[in-house]
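So the structure is just underneath, and the comments pick up after that.
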Amino acid sequence: MNDLLMDNAETTPVITIDGPGGVGKGTISALLAAELDWHYLDSGALYRLTGLACVQKGIALDSNNEVAQIAENLAVQFLPRGDILLEGQEVEALIRTEAAGNNASKVAAIPQVRDALYKRQQAFLQKPGLIADGRDMGTSIFPDASLKIFLTASADERAKRRYKQLIEKGNNVKLADLIVDIQERDERDMNRAASPLKAAEDAIIIDTSDLSIAEVFQEVMRLYKKN
Ligand code: DC
């Protein structure tokens, strides 16, 4: 680690927000980043972008070394207002589909891909602070984070939330298909050997099934202030 990274790692606060798909991590993380005026790492987007780049280049998602090469060389820019460019092309809508999420979950199970994205994720740690959203933020990428949150909700509840989100964005989806997708994705994310989805031992688990977005946000802010 160079001096600057070392200094950042020791003195810059990180809040990790981990949990399964559709639990509301992205929404809560964006609210926290805006409230605290901190940086935001959407680590899922990096896996989604890797999957998309493979599809665009005709690379099979199970050819581990080639997929890892793609992850290593990903030419991505995160623009301030949420736009994401892949090789200069706006791809936000393309990476948010269910198919892109499933492809992301497949490439994310490849250990070489996780290694290739490791430093890129740590480089998001910049002052004044970072909200890191993903599956392994508290366990692998930022194990020294000052506050670790793990959000949960039942698969049915998460499928309903995702359904609402996708319908609002104009996608044509069926709730029953989303429940199956979410269960399959949970299964793969939790059971892979490399950095599986699980709460860090020192994470605070919040079951969001019966909570509104505002309630989850307030609870995380309360924990941050108390920290
Ligand atoms: O959070 P998301 O839905 O954008 O993530 C898409 C997939 O990427 C998810 O199914 C698993 C993978 N992922 C991961 O393995 N590790 C992360 N830190 C973030 C996402």
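All heavy atoms count here, side chains included; hydrogens, waters and symmetry mates do not.
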Query raised in the report: Rounded to the nearest 0.5 Å, how far apart are OH of Tyr163 and CG of Asp156?
Result: 14.0 Å
Query raised in the report: Would Val76 and Leu85 count as a side-chain contact (heavy atoms from CB on, under 4.5 Å) if you check the C-alpha gap in whole Å, the side-chain angles of each, and the deciding distance to 0.1 Å?
Result: CA-CA 6 Å; Val76 53; Leu85 304 186; over 6 Å; no
Query - Within 6.0 Å of CD1 in Ile213, more than 12 heavy atoms from elsewhere - result: no
Query raised in the report: Where the side chain of Asp83 meets the backbone of Leu79, is there a donor-acceptor pair that is under 3.5 Å apart?
Result: no
Query raised in the report: Leu130 versus Leu41: any side-chain heavy-atom pair under 4.5 Å?
Result: yes
Requested in this report: Evaluate side-chain contact (heavy atoms from CB on, under 4.5 Å) for Val216 paired with Ser212, printing each intermediate quantity in order.
Outcome: CA-CA 6 Å; Val216 179; Ser212 66; over 6 Å; no
Requested in this report: Check ring pair (Phe, Tyr, Trp, His ring centres under 6.0 Å) between Tyr40 and all other residues, then give those that pass, not counting sequence neighbours.
Outcome: none
Query raised in the report: Do Gln56 and Gln89 come close enough that some side-chain heavy atom pair is under 4.5 Å?
Result: yes
Query raised in the report: More than 12 non-hydrogen atoms from neighbouring residues, nucleotides or ligands closer than 6.0 Å to CG on Asp37, yes or no?
Result: no
Requested in this report: Could you list the residues that satisfy ring pair (Phe, Tyr, Trp, His ring centres under 6.0 Å) with Tyr118, not counting sequence neighbours?
Outcome: none
Query raised in the report: Which other residues belong to the hydrophobic cluster containing Phe150, where Ile, Leu, Val, Met, Phe, Trp and Tyr are joined when side-chain heavy atoms lie under 4.5 Å apart, directly or via other members?
Result: Met190, Leu197, Ile205
Query raised in the report: Do Lys148 side-chain atoms and Ala199 backbone N/O form a donor-acceptor pair below 3.5 Å?
Result: no
Query raised in the report: Are any side-chain N or O atoms of Thr97 and backbone N or O atoms of Ala100, one a donor and one an acceptor, separated by less than 3.5 Å?
Result: yes
Query raised in the report: Where the side chain of Gln121 meets the backbone of Leu117, is there a donor-acceptor pair that is under 3.5 Å apart?
Result: yes
Could you tabulate the donor-acceptor pairs under 3.5 Å formed by side-chain atoms of residues 42-55, not counting sequence neighbours?
unit_1 : atom_1 : unit_2 : atom_2 : d
Asp42  : OD1    : Gly44  : N      : 3.4
Asp42  : OD1    : Ala45  : N      : 3.2
Asp42  : OD2    : Arg96  : NH2    : 2.9
Ser43  : OG     : Asp133 : O      : 2.6
Tyr47  : OH     : Arg114 : NH2    : 3.4
Arg48  : NH1    : Ile95  : O      : 2.7
Thr50  : OG1    : Leu46  : O      : 2.8

**Report entry** Hydrophobic cluster identity match, Met137 and Leu223, side-chain contacts under 4.5 Å
**Finding:** no
Query raised in the report: Are Leu125 and Leu32 co-members of a hydrophobic cluster defined by side-chain heavy atoms under 4.5 Å apart?
Result: no
Query - Hydrophobic cluster membership, Val220 vs Val23, 4.5 Å side-chain cutoff - result: yes
Without placing hydrogens or testing angles, list every side-chain donor-acceptor pair under 3.5 Å for residues 168-184, not counting sequence neighbours.
unit_1 : atom_1 : unit_2 : atom_2 : d
Asn171 : ND2    : Leu166 : O      : 3.4

Query raised in the report: Roughly how far, to the nearest 0.5 Å, is CG of Asp202 from CG of Asp144?
Result: 9.0 Å
**Report entry** CA sep, side-chain torsions, deciding dist, call: Glu98, Asn102, side chain to side chain donor-acceptor pair (under 3.5 Å)
**Finding:** CA-CA 6 Å; Glu98 282 309 287; Asn102 275 323; 5.5 Å; no
**Report entry** Asn65 versus Gln69, side-chain donor and acceptor atoms under 3.5 Å
**Finding:** no
**Report entry** Residue pair Ile206 / Thr152, side-chain heavy-atom distance below 4.5 Å
**Finding:** no
Query raised in the report: Looking only at heavy atoms, which two atoms of Ser195 and Asp136 are closest? And how far apart?
Result: CB-OD2, 3.6 Å
Query - Minimum heavy-atom distance Pro143-Thr139, with the two atoms named - result: CB-O, 4.1 Å
Requested in this report: State, to 0.1 Å, how close Arg161 and Ala153 come at their nearest heavy-atom pair, and which atoms those are.
Outcome: NH1-CB, 4.2 Å
Requested in this report: For the residue pair Ile149 and Thr16, establish whether any side-chain heavy-atom pair is separated by less than 4.5 Å.
Outcome: no
**Report entry** Linked, directly or transitively: Val14 and Leu31 (ILVMFWY side chains, under 4.5 Å)
**Finding:** no
Query raised in the report: Would you call Asp18 and Arg135 a salt bridge, using N to O less than 4.0 angstrom?
Result: no
Query raised in the report: Under 4.5 Å between side-chain heavy atoms, hopping through other hydrophobics if needed: is there a path connecting Leu211 to Ile15?
Result: yes
Query raised in the report: Should we say atom CG of Asn227 is surrounded by more than 12 heavy atoms from elsewhere, each under 6.0 Å from it?
Result: yes
**Report entry** Side chains of Ser209 and Ser154, donor plus acceptor under 3.5 Å
**Finding:** no
Report task. Please name all residues satisfying ring pair (Phe, Tyr, Trp, His ring centres under 6.0 Å) with Tyr224, sequence neighbours left out, ordered by chain then number. Result -> Trp38
Report summary line: Here the pair of heavy atoms bringing Pro13 nearest to Pro128 is CD-O, 3.2 Å
Query - side-chain contact (heavy atoms from CB on, under 4.5 Å) between Phe124 and His39, intermediate numbers included - result: CA-CA 7 Å; Phe124 276 78; His39 299 280; 5.7 Å; no
Query raised in the report: So, Ser105 versus Arg185: side-chain donor-acceptor pair below 3.5 Å or not?
Result: no
Requested in this report: Show your working on side-chain contact (heavy atoms from CB on, under 4.5 Å) between Met221 and Leu36 and close with a plain yes or no.
Outcome: CA-CA 9 Å; Met221 281 305 292; Leu36 297 168; 4.0 Å; yes
Query raised in the report: Any luck finding a side-chain donor-acceptor pair between Thr11 and Lys127 under 3.5 Å?
Result: yes
Query raised in the report: Which pair of non-hydrogen atoms, one from Ile17 and one from Lys25, has the smallest distance, and what is that distance?
Result: O-CD, 3.6 Å
Requested in this report: Find the distance between CG (Asn73) and CD (Glu87) and round it off to the nearest 0.5 Å.
Outcome: 10.0 Å
Query raised in the report: Charged N to carboxylate O under 4.0 angstrom, Asp186 versus Arg158?
Result: yes
Query - Arg192 versus Ala109, closest heavy-atom pair with distance - result: CD-CA, 3.8 Å
